[in-house]
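This report concerns only the one structure given below.
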Amino acid sequence: MKMRKFSIIALVISGSMWSACSSGNLFMGGADVLVSLPPDEEFLDGEQIPLPENALTGSNGVFPIEGQEGSWLVHYFRQPILFSFVSSMGNSSSPILYRGRSGAEMTLADYVDIEQTTEGGHVLLVSDINTSKLISLDIENSFKIGAACIVQERNIPRNTNRVFILPDGKLLCQTLSGEYGLSYVEMNERNELQKQYKLFGEGPHARDYSFFISMDAIRPDKKAVVMCMRAFDKMNILDLEKGSHKTVVTSPEQKKTNDLSVWKSTDRTAPGFMYSYYYAVDCDENCIYAVYSPGNEVRVFDWGGFFMRRIKVKEQLQDIKVVKSDGNVCLIGLSQDEKLYRYCL
């Protein structure tokens, strides 16, 4: 796979690339990098993956995984929390419902992810905002017994939107609150703050959640995070080792980090209805793959923020996942009409 890096055409520094406050646990960064679009688009045909009829109806996202019994496709629904799977043989399971400790079916989750265990199994991570807990569900055992099998619960900060588990057991949480602003925070097992990576300072809209909805992914080595914003054309790349972040922008009018006036709506007569830029993101150790508005474009960046490829597909996608097949990189895409496609790069 031949990739080309496209030049950075402007660099606006809004603060030092790395600085720390006197307490030693607040890491701040900030550099808006305006990148040029590749001069040519690539068109890629997807192969539809056959599934049982209506298998993905209502899905919010999918996770292709390799389990002990072959390939599975786990898909989930946020409200209520349901998850099901389709095997490589075309078999599908009955949906598993996670009710939460209160027994309420309408458990809300801002974030769902899958982690592979050291034993080769998989856990589904559910961020339960009703209880401010991260719930770990054993996927294989849940499907085996036909009920949600909870293996661990951990406290997380209130208003946590994304959670990743770091190699040392700490939780990396993306949170928007009066206490932290919009930040990533590292929390230990006692839910105590260890580090803070502040992404945006306090401003007139800093607590307006709708402005800061993002799609995030963590690099496989757990040393960097990408955060694609929905309401404006910004992709934050957070370096956890250096404690710094870079904001990649492809629209010239949006090169100022805190310029909130550039947010736009597809229907300016409808207050609060904002234009969506990024729809989904996933990554591997080399690249970031982001679905860009209106859903039929996948933008590929390296971890330095260089624009490498601009891929057009026929389908309108709402979610993608990166998989490796025979040494090749493939994307599994969930279309907005709830069909599944494979794109080999």
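Between the Ser142 side chain and the Cys149 main chain, a donor and an acceptor come within less than 3.5 Å of each other. Here the side chain of Ser183 pairs no donor or acceptor atom with the backbone of Thr175 at under 3.5 angstrom. The main-chain N or O of Pro294 is found under 3.5 Å from a side-chain atom of Gln316 such that the two form a donor-acceptor pair. Gln116 contributes no side-chain N or O that, together with a main-chain N or O of His122, makes up a donor-acceptor pair within less than 3.5 Å.
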Go through it in stages, so that I can follow the logic: the residues are Asp113 and Val163, the test is side chain to side chain contact (heavy atoms under 4.5 Å, CB included), and I'd like the CA-CA distance, side-chain angles, deciding distance and then a yes or no. CA-CA 8 Å; Asp113 199 5; Val163 186; over 6 Å; no
Are Leu44 and Leu345 close enough, and set up right, to give a side chain to side chain contact (heavy atoms under 4.5 Å, CB included), and what steps lead you there? CA-CA 8 Å; Leu44 198 60; Leu345 305 183; 3.5 Å; yes
Residues Val226, Trp303; criterion side chain to side chain contact (heavy atoms under 4.5 Å, CB included); working and verdict: CA-CA 8 Å; Val226 58; Trp303 282 97; 4.1 Å; yes
CA sep, side-chain torsions, deciding dist, call: Lys222, Glu186, salt bridge (charged side-chain N to carboxylate O under 4.0 Å, His left out): CA-CA 12 Å; Lys222 305 293 182 76; Glu186 286 187 20; over 6 Å; no
Using the side chain to side chain contact (heavy atoms under 4.5 Å, CB included) rule, take Tyr343 and Leu317 through it: C-alpha gap first, then chi angles, then the decisive distance, then the call. CA-CA 12 Å; Tyr343 307 91; Leu317 302 178; 3.7 Å; yes
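Residue Glu241 is tested with Arg219, Lys195, Lys223 for a salt bridge (charged side-chain N to carboxylate O under 4.0 Å, His left out); the sole match is Lys223. Checking Tyr292, Tyr289, Phe301 one by one against Tyr278, the ring-ring contact (aromatic ring centres under 6.0 Å, His included) holds for a single residue, Tyr292.
Between atom CG of residue Leu166 and atom CD of residue Gln194 there is a gap of 11.0 Å, rounded to the nearest 0.5 Å. Note that CD1 of Ile165 and NZ of Lys170 are 13.5 Å apart. Values are rounded to the nearest 0.5 Å. Within the model, atoms CZ of Arg158 and SG of Cys173 stand 14.5 Å from one another, a figure rounded to the nearest 0.5 Å. Here the CD-CD distance, from Glu42 to Glu297, works out to 11.0 Å after rounding to the nearest 0.5 Å. From Arg342, atom CZ reaches atom CG of Asp45 across 14.5 Å, with rounding to the nearest 0.5 Å. Distance check: Cys283 SG to Asp216 CG gives 10.0 Å after rounding to the nearest 0.5 Å.
Between Thr247 and His245, some side-chain heavy-atom pair lies under the 4.5 Å cut-off. Counting only heavy atoms from C-beta outward, the side chains of Val322 and Leu331 approach each other to under 4.5 Å. With contacts defined as side-chain heavy-atom distances shorter than 4.5 Å, the pair Ile288/Asp302 does not qualify. For the pair Leu238 and Leu240, the minimum side-chain heavy-atom distance is below 4.5 Å. Here the side chains of Glu115 and Leu125 are in contact, with some heavy-atom distance below 4.5 Å. Annotation: side chain of Lys314 is not in contact with side chain of Tyr341 (no heavy-atom distance under 4.5 Å). Between Val329 and Lys324 there is a side-chain heavy-atom pair separated by less than 4.5 Å. At least one side-chain heavy atom of Phe307 sits less than 4.5 Å from a side-chain heavy atom of Arg299.
Between Glu153 and Ile150, the shortest heavy-atom distance links the atoms CG-CG2, 4.1 Å. For the residue pair Ile237 and Gly304, the shortest heavy atom distance occurs at CD1-C, 4.5 Å. Here the closest non-hydrogen pair linking Ala290 and Ile320 is N-CD1, 4.4 Å. Between Cys228 and Met235, the shortest heavy-atom distance links the atoms SG-CG, 3.6 Å. Nearest heavy-atom pair, Asp319 versus Ala280, reported as atom, atom and distance to 0.1 Å: CA-CB, 3.7 Å.
Cluster annotation: Val151 is connected to Leu171 through the hydrophobic network of ILVMFWY side chains, with a link wherever side-chain heavy atoms come within less than 4.5 Å.
Checking Lys133 against Asn155 by side-chain atom types alone, a donor-acceptor pair falls below 3.5 Å.
With salt bridges taken as basic N to acidic carboxylate O contacts below 4.0 Å, none links Lys339 and Glu315.
A cation-pi arrangement, defined by a distance under 6.0 Å to the six-membered ring centre and an angle within 45 degrees of its axis, is present between Lys321 and Phe63.
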